[in-house]
Student: 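To start, I am sharing the structure in question, which I have written as C-alpha cells.
As a basis for the values below, the full set of heavy atoms in this structure was taken, side chains included, without hydrogen atoms, waters or symmetry mates. By convention in this document, chain letters (A, B, ...) are assigned in the order of the sequence lines, proteins followed by strands, and residues within each chain are numbered from 1.
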Amino acid sequence: MFLKFKDEVSSILSSAAAIAGFETEDVALTESSHADIASSVAFKLAPKYKRSPKEICENICKNIKIPPDSYIDRAEMAGPYLNFFVSRNFLNETVLRVLLDRENFGNLNNRGKVILEHTSANPDGPLHIGHIRNSVIGDTLARILKRAGYDVETQYYINDMGRQIAVVVWGLLNFKFDKTKKKDHAIAEVYINANKSLVDEKEHSPEVDAIMKKYEISDAATDKKFKDAIDTAMEGIKETLKRMNIHHDRFIWESQFVRNGEVNRMMERIKETGRAAIKDGALMVDLNDMGIQKPLVIQRSDGTSLYTTRDLAYHEWKAAQCERMIDILGADHKLISSQLKAVLRILKLNEPEIVIFEFVSLPEGSMSTRRGVFVSADELLDEVEKAALLEVRKKRPDTDEDFKKKVASFVSIGAVRYDIVRVSPEKATTFNWAEAVDFEKQGAPFIQYAHARACSIIRNAHEEGFAFETFDPNVLLEEQEIALIKKLSGFENVIDNAARELKPNLLAIYARELADAFNQFYRYVPVLAAEPEFRAARLALVDCSRIVLANALDTLGITAPESM
RNA sequence: GGGCUCGUGGCUUAGCUUGGAUAUAGCGCCGGGCUUCUAACCCGGAUGUCGAGGGUUCGAAUCCCUCCGGGCCCGCCA
C-alpha cells in the first residue's frame, strides 16, 4: 500500500514540476517525521533555475492536482519542503487489503531464481556464536527474498577438502570419540586433541598430509572415512540449525567439483585467458588492473587445486542455474571474495552478490574451534532457554509446565535470532553473557507479546460472539489507530528495501516499531468494551495487526505465538 | 608496512549508498500508571563536541582529505 502511495506522490510531483516548468528526474522523496512522505526537490532545482527553493516549491505546489480517490490527502508547503499526507481512502484500503491478502500481505512481484549460500561452516565442530550470525543473516535474507517474490534456494557449501577435515579424520584414528556427547561436539573434541598433538609432536604432520593427498586423488577407503566424519559433524550442525528454524535446501560438497573435472576445466580456462603466469611452479593470476594487489594462486606446484579454485568452479556451476547468487561471508573473506569476483569477471561469468558480516568475538579475544575457544550455539540456546523459563515461571505462574517449556523455547530462539539480526552486519560485536540472557530489552519477546495480545483479543471476541465481518473503517479515527494503520501499510516497503539492499536489520527494526504502534493502540483504545460499530472496526484492526505481526515474525524466522 | 571496515548519550544501536526541517530507538538512571481486552506493557524526565581536525556546499552524522582508536585481511591454509 505504501509503495502505491509513494508511486502516486512521485508521479503527481513530477507532473506538477513539469507544468511549473521544471525538468527533474529525481523528485527527492524522503521519510520524515513532518509528513507521511516529504520531498526536498526544490533544493535540487534551485541552483539549476537560479531561484530560491521556497519560490520553486510554491510554483510546484500550486500545480499539484490530487484526483478524487487518491491515496494522497493533501500536499503542504513547509518552507522549501513539500509534505504529503495519506488520505482516508488510503487508510481504509490498507485495512481491507491486509484482511484480503492475509499471510500474503507484503508479498512483492519480483521474479527469478536466487541461490543464497550461507553458514557453510567447516564440519570440524559445532556451530559457534560467530557462525550463527552468518546463519541468521542468511536465513532471514532468504525469507525476505522469498516474500519479495524470488524463487530462493539456500545452499550450505561443505569444505571437505581442507586440511582441517583431514585433521579430523586423522584424529578419529588416534583419539576417543565420545559417544555420550552431541555428535558435532564430540567431533570438536577429537579435532582439538588432534591439533594439540600435531603441535606438540610434529612427526604426525606428514600423516595428515598423506590423508589429504589420498582424498584429493580419491580412494574408496579414505573417501568413506571423510564421509563418515563429515556426516557425523553435519548431523549435529543440522540439529542446531533446525532448532533455530533454519533450513538449507541443498548441501554441496566441494570435492564434487574436483571429482567431476570442473576444477581442472576451470584451471584450463584461466590459463587460456593469458593472464595466468607460472611462478615457482604454481599458477598465479595477476589482478592488479582490477584493483587487487595480491595475485591469486589457482594451482599448486604439485598440480592440485586450492580453496578458491574449487570455489570458482562452484560459482560457475551455480551461475548456470540462477539469475542471482548471494553469498553470506565473514569479514575474513573480504579479500578472497573480491579475488573470486574479479576472476569470474575476467571469465565473463556472473558474479555473486556478497554480504559480509563482521566478527563476533569474546571479551577475552577471538574465537577458534581449533583451540577450543568458542561459545557454541547450543550452549547459548540452552542458557537463553533456561533464563526464558525462569521468566515464564515468574510471569505466567497460572500455566502448566508444558506450556512454560514451549514458551521458553520459542522465546529463547526468537531472542537469539532477533539479537543477531537487529544489528547491521558490518558492525563487529563482542559477545556478552549478561546481555544475551537479558529479557528486559525490547527484542523478540516484545514483538511476540504484541502478537499474543492481538490473538487474545480476537479469541475473547469469538467467545463473546462479537463479529467483525462487516465494519466501517471510517470510524478508525483515533491518533493511535491512524498511526497503527500507517505502520501496517509500510510492511511491503520494508520488504522491498530489505530485499533490494540485502539488509535484514531493516525488517527487525520495522517489526519492533509495529509492535510498539500496536501496544500504544492497545493501551489507549478499548476494543471489546467499545460501542458495537467501533468494536467491529477495531477488531478488524486488531486482526490486521495480528496478521502483519505474524508475517513480519515469520519473515524473521521467529514464532508468532497465540499465547505466551 | 599495505588494503578493507567500524567509531553516534554510561552501555547497545538506527540513520551514511542517494547531503536537507528539532540525530533513531532500547537498556540503565529518575518519576508516574494494573477494579480496564495478557504490565514480557504504557506515559513523562535527565543524558549527544555524531572519534579529532580540515575541506566541498546555501546546508554535512551522511561526500572528500589527514590523523587517532578498534576489528578483519595480506600463505602453493580454508
Student: If you define the side chain from C-beta out and look only at heavy atoms, does anything of A:T308 sit under 4.5 Å from A:I298?
Tutor: no

Student: Identify whether any heavy atom of A:M564 sits under 4.0 Å from a base atom; if not, whether one sits that close to sugar-phosphate; answer base, sugar-phosphate or nothing.
Tutor: base

Student: What I want to check is whether an N or O donor and acceptor connect the side chain of A:N83 with the base of B:rA21 at under 3.5 Å.
Tutor: yes

Student: Tell me which nucleotide, if any, is Watson-Crick or G-U wobble paired with B:rA39 when both distances must be under 3.5 Å.
Tutor: none

Student: Take atom C1' in B:rC68 and the same atom in B:rU49, then report the distance between them in whole Å.
Tutor: 16 Å

Student: Suppose you measure atom P in B:rU24 against the same atom in B:rG45; what distance do you get, rounded to whole Å?
Tutor: 13 Å

Student: Give one of base, sugar-phosphate or nothing for A:S563, where a contact means two heavy atoms less than 4.0 Å apart.
Tutor: base

Student: Give one of base, sugar-phosphate or nothing for A:L528, where a contact means two heavy atoms less than 4.0 Å apart.
Tutor: base

Student: Should the side chain of A:S301 and the base of B:rC76 be counted as holding a donor-acceptor pair, with the cut-off at 3.5 Å?
Tutor: yes

Student: Return yes if the base of B:rA21 and the side-chain atoms of A:S33 contain a donor-acceptor N/O pair under 3.5 Å, otherwise no.
Tutor: no

Student: Is B:rU49 paired to anything, Watson-Crick or G-U wobble with both distances less than 3.5 Å, and if yes, which nucleotide?
Tutor: none

Student: Applying a 4.0 Å non-hydrogen cut-off, can you work out what A:Q520 is touching in the nucleic acid: base, sugar-phosphate, or nothing?
Tutor: sugar-phosphate

Student: Does B:rG33 have OP1 or OP2 sitting under 4.0 Å from an N or O in the side chain of A:R523?
Tutor: no

Student: Is the count of non-hydrogen atoms from other residues, nucleotides or ligands lying under 6.0 Å from A:K48 atom NZ greater than 12?
Tutor: yes

Student: Establish, with yes or no, whether the OP1 or OP2 oxygen of B:rA40 is under 4.0 angstrom from a side-chain nitrogen or oxygen of A:K441.
Tutor: no

Student: Does A:K394 reach a base, just sugar-phosphate, or nothing at all? Heavy atoms under 4.0 Å.
Tutor: nothing

Student: Do A:E358 and A:R133 touch side chain to side chain, with heavy atoms closer than 4.5 Å?
Tutor: yes

Student: Supply the atom-to-atom distance A:M234 CE to A:D184 CG, rounded to the nearest 0.5 angstrom.
Tutor: 9.5 Å

Student: Just to be sure I understand the rule, does A:A529 reach a base, reach only the sugar-phosphate, or reach nothing, if contact means heavy atoms closer than 4.0 Å?
Tutor: nothing

Student: Assess the pair A:W253 and A:F251: is the distance between their ring centroids shorter than 6.0 Å?
Tutor: no

Student: Kindly say if A:R512 contacts the phosphate of B:rU13, meaning a side-chain N or O under 4.0 Å from OP1 or OP2.
Tutor: no

Student: How is A:Y524 classified with respect to the nucleic acid when contacts are heavy atoms under 4.0 Å: base, sugar-phosphate, or nothing?
Tutor: sugar-phosphate

Student: OP1 or OP2 of B:rA14 less than 4.0 angstrom from a side-chain nitrogen or oxygen of A:S424, does that happen here?
Tutor: yes

Student: Kindly determine whether A:K486 and A:D36 satisfy salt bridge (charged side-chain N to carboxylate O under 4.0 Å, His left out), including the steps that lead there.
Tutor: CA-CA 8 Å; A:K486 285 181 185 174; A:D36 293 320; 2.9 Å; yes

Student: So, OP1 or OP2 of B:rA78: does either fall under 4.0 Å of a side-chain N or O from A:N122?
Tutor: no

Student: Atom CD of A:E358 to atom C1' of B:rU5: distance rounded to whole Å?
Tutor: 6 Å

Student: For the pair A:S361 and A:S366, evaluate side-chain hydrogen bond (donor to acceptor under 3.5 Å, both in side chains) and give the outcome as yes or no after the intermediate values.
Tutor: CA-CA 5 Å; A:S361 55; A:S366 55; over 6 Å; no

Student: Categorize A:V360 for me: base, sugar-phosphate, or nothing, with a 4.0 angstrom heavy-atom threshold over every strand shown.
Tutor: nothing

Student: Counting any heavy atom closer than 4.0 Å, what does A:D26 reach on the DNA or RNA strands: base, sugar-phosphate only, or nothing?
Tutor: nothing

Student: Determine the Euclidean distance between corresponding P atoms of B:rG31 and B:rA46; express it in Å to zero decimal places.
Tutor: 15 Å

Student: Checking all strands, does A:F43 fall into the base, sugar-phosphate, or nothing category for heavy-atom contacts under 4.0 angstrom?
Tutor: base

Student: At less than 4.0 Å, is any side-chain N or O atom of A:R422 found next to OP1 or OP2 of B:rG26? Yes or no.
Tutor: no

Student: Counting only Watson-Crick pairs (N1-N3 plus N6-O4 or O6-N4) and G-U wobbles (N1-O2, O6-N3), all under 3.5 Å, who is the partner of B:rC16?
Tutor: none

Student: At 4.0 Å (heavy atoms only), tell me whether A:A450 reaches a base, stays on the sugar-phosphate, or touches nothing.
Tutor: nothing

Student: When the C1' atoms of B:rC58 and B:rG19 are compared, how many Å lie between them, rounded to an integer?
Tutor: 12 Å

